[in-house]
Amino acid sequence: MIVVYGIKEKLNPIKSQLSDVIHKSMQSVLGMPEDKRAHRFIPLDKSDFYYPGGRSDNYTVIEINMMEGRQIETKKALIKSLFSTIESELNILPVDVEITIKEQPKHCWGFRGITGDEVNDLKYSVNV
C-alpha cells in the first residue's frame, strides 16, 4: 500500500502519471503483478504541508507500507528506482522526493478476510 502526500496544486495534475511511475518501479524491483496497485493520494493545502528548507513546492512524500521480508538491497533498489524514474518521467528532482518504507510483520496485515501470515496464494514473493 502506497500513500503519497503533496501540495494539491502540484500533486493533483500528476497523480495518474505518478501512480504509473510508482507501480512500474514496484513491478520491476519487487515483481508486483500488474493488478496489484493500492495507491492513496493525499493532496494538501500548502498551509497544511510543512517541509524542510531547500525544497520546492514539488516536494512529495511517498510512504510504502509492506509486509516484512524484503532484503535490504531490494528495498534500496526500490528507493533508487523511484528517485530515478520520478526525475526522468516527471521532472521532480530527488531533493523534492522523500520515500519511507514501513514494514510490518505479516500477521499485522489483514486482507481478503485473513491475516498476511495465513495467506498462501500471493501472486508475488515477499522474500526478495
Side-chain angles (χ1 to χ4, degrees):
M1 184 176 307
I2 313 290
V3 182
V4 181
Y5 302 88
I7 296 173
K8 67 181 176 183
E9 290 82 8
K10 297 290 186 172
L11 186 58
N12 282 335
I14 64 164
K15 282 191 290 196
S16 178
Q17 190 177 4
L18 182 54
S19 178
D20 290 344
V21 165
I22 291 169
H23 194 57
K24 183 164 86 173
S25 288
M26 299 291 285
Q27 286 182 292
S28 68
V29 177
L30 301 181
M32 299 300 283
E34 176 59 40
D35 66 345
K36 183 67 174 169
R37 188 186 304 215
H39 300 171
R40 311 295 185 263
F41 287 86
I42 312 295
L44 299 165
D45 288 328
K46 187 172 182 177
S47 64
D48 293 326
F49 194 40
Y50 294 88
Y51 48 87
R55 304 328 190 262
S56 77
D57 286 352
N58 287 322
Y59 184 71
T60 304
V61 175
I62 301 170
E63 294 179 355
I64 303 168
N65 295 284
M66 62 173 71
M67 288 188 278
E68 65 184 2
R70 275 82 176 191
Q71 297 176 13
I72 291 172
E73 296 79 19
T74 302
K75 292 179 277 189
K76 289 173 73 170
L78 176 61
I79 290 169
K80 290 175 182 181
S81 173
L82 287 165
F83 280 134
S84 174
T85 309
I86 290 169
E87 182 176 21
S88 67
E89 295 195 22
L90 295 169
N91 296 316
I92 298 175
L93 298 176
V95 72
D96 279 327
V97 179
E98 183 176 308
I99 301 165
T100 58
I101 295 177
K102 298 178 179 183
E103 292 182 295
Q104 301 87 25
K106 293 176 185 178
H107 68 270
C108 291
W109 282 77
F111 49 90
R112 294 187 276 148
I114 58 176
T115 59
D117 61 334
E118 298 172 323
V119 71
N120 59 11
D121 64 345
L122 291 177
K123 297 177 185 174
Y124 56 95
S125 177
V126 173
N127 299 311
V128 293

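Side chains included, hydrogens not; waters and symmetry mates left out as well; all remaining heavy atoms used.
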**OP:** Supply the atom-to-atom distance L44 CG to Y5 OH, rounded to the nearest 0.5 angstrom.
**Re:** 8.0 Å
Subject >> Check ion pair E63-K102 (N to O, under 4.0 angstrom) >> reply: yes
Original post:
Going hydrophobic residue to hydrophobic residue with side-chain gaps under 4.5 angstrom, can you get from M26 over to F41?
Top reply: yes
**OP:** Output yes when a side-chain donor or acceptor of H23 lies under 3.5 Å from a complementary backbone atom of E34, and no otherwise.
**Re:** yes
**OP:** Measure from the side-chain N and O atoms of R55 to the backbone N and O of G53, and report whether any donor-acceptor pair falls under 3.5 Å.
**Re:** yes
Original post:
So do the side chains of P105 and M67 get within less than 4.5 Å of each other, counting heavy atoms only?
Top reply: no
Subject >> salt bridge (Lys or Arg N to Asp or Glu O under 4.0 Å) between D48 and K8, worked out >> reply: CA-CA 10 Å; D48 293 326; K8 67 181 176 183; over 6 Å; no
**OP:** For D96, check side chain to side chain donor-acceptor pair (under 3.5 Å) against everything at least two apart and list the hits.
**Re:** S56
Original post:
Do E68 and Q104 pass the side chain to side chain donor-acceptor pair (under 3.5 Å) test, and can you show the C-alpha distance, the side-chain angles, and the key distance before you say yes or no?
Top reply: CA-CA 5 Å; E68 65 184 2; Q104 301 87 25; over 6 Å; no
Original post:
At their closest point, which heavy atom of V29 faces which heavy atom of T74, and how far apart are they?
Top reply: CG1-O, 3.6 Å
Subject >> Set of residues satisfying side chain to side chain donor-acceptor pair (under 3.5 Å) with respect to D57, sequence neighbours excluded >> reply: K46, Y51
Original post:
Quick one: CZ on F49 to CD1 on I42, what's the gap to the nearest 0.5 Å?
Top reply: 11.0 Å
Subject >> With sequence neighbours excluded, residues passing side chain to side chain donor-acceptor pair (under 3.5 Å) with S81 >> reply: S25
**OP:** Any pair with a residue in residues 71-85 that passes salt bridge (charged side-chain N to carboxylate O under 4.0 Å, His left out), sequence neighbours left out, goes on the list, sorted by first then second residue, please.
**Re:** K75-E103
Original post:
According to a 4.5 Å side-chain heavy-atom criterion applied to Ile, Leu, Val, Met, Phe, Trp and Tyr, with indirect links allowed, do L90 and V61 form part of one hydrophobic cluster?
Top reply: no
Original post:
Below 4.5 Å, heavy atoms only, C-beta onward: do I64 and L82 meet side chain to side chain?
Top reply: yes
Original post:
Just one of K15, E9, K10 clears the side chain to side chain donor-acceptor pair (under 3.5 Å) bar with N12, so which one?
Top reply: K15
**OP:** Identify, with sequence neighbours excluded, every residue that meets side chain to side chain donor-acceptor pair (under 3.5 Å) alongside E98.
**Re:** Y59
Subject >> From CD1 (I86) to CD1 (I14), nearest 0.5 Å >> reply: 8.0 Å
Subject >> Single-linkage hydrophobic cluster, 4.5 Å side-chain cutoff, I79 and V21 together >> reply: yes
**OP:** Check whether any side-chain heavy atom of N58 lies under 4.5 Å from a side-chain heavy atom of L93, and answer yes or no.
**Re:** no
Subject >> Single-linkage hydrophobic cluster I92~I7, side-chain heavy atoms < 4.5 angstrom >> reply: no
Original post:
Taking a hydrophobic cluster as the set of Ile, Leu, Val, Met, Phe, Trp and Tyr residues connected by side-chain heavy atoms closer than 4.5 Å, whether directly or through intermediates, do I2 and L18 fall within one such cluster?
Top reply: yes
Original post:
What do the steps show when you test T100 against I62 for side-chain contact (heavy atoms from CB on, under 4.5 Å), and what is the final call?
Top reply: CA-CA 6 Å; T100 58; I62 301 170; over 6 Å; no
**OP:** Sort and list the pairs that fulfil side-chain hydrogen bond (donor to acceptor under 3.5 Å, both in side chains) and have at least one residue in residues 82-92, not counting sequence neighbours.
**Re:** K24-E89
Subject >> Straight-line distance of K36 NZ to M1 CE, nearest 0.5 Å >> reply: 8.0 Å
Original post:
Roughly how far, to the nearest 0.5 Å, is the CD atom of Q27 from the CD1 atom of I22?
Top reply: 12.5 Å
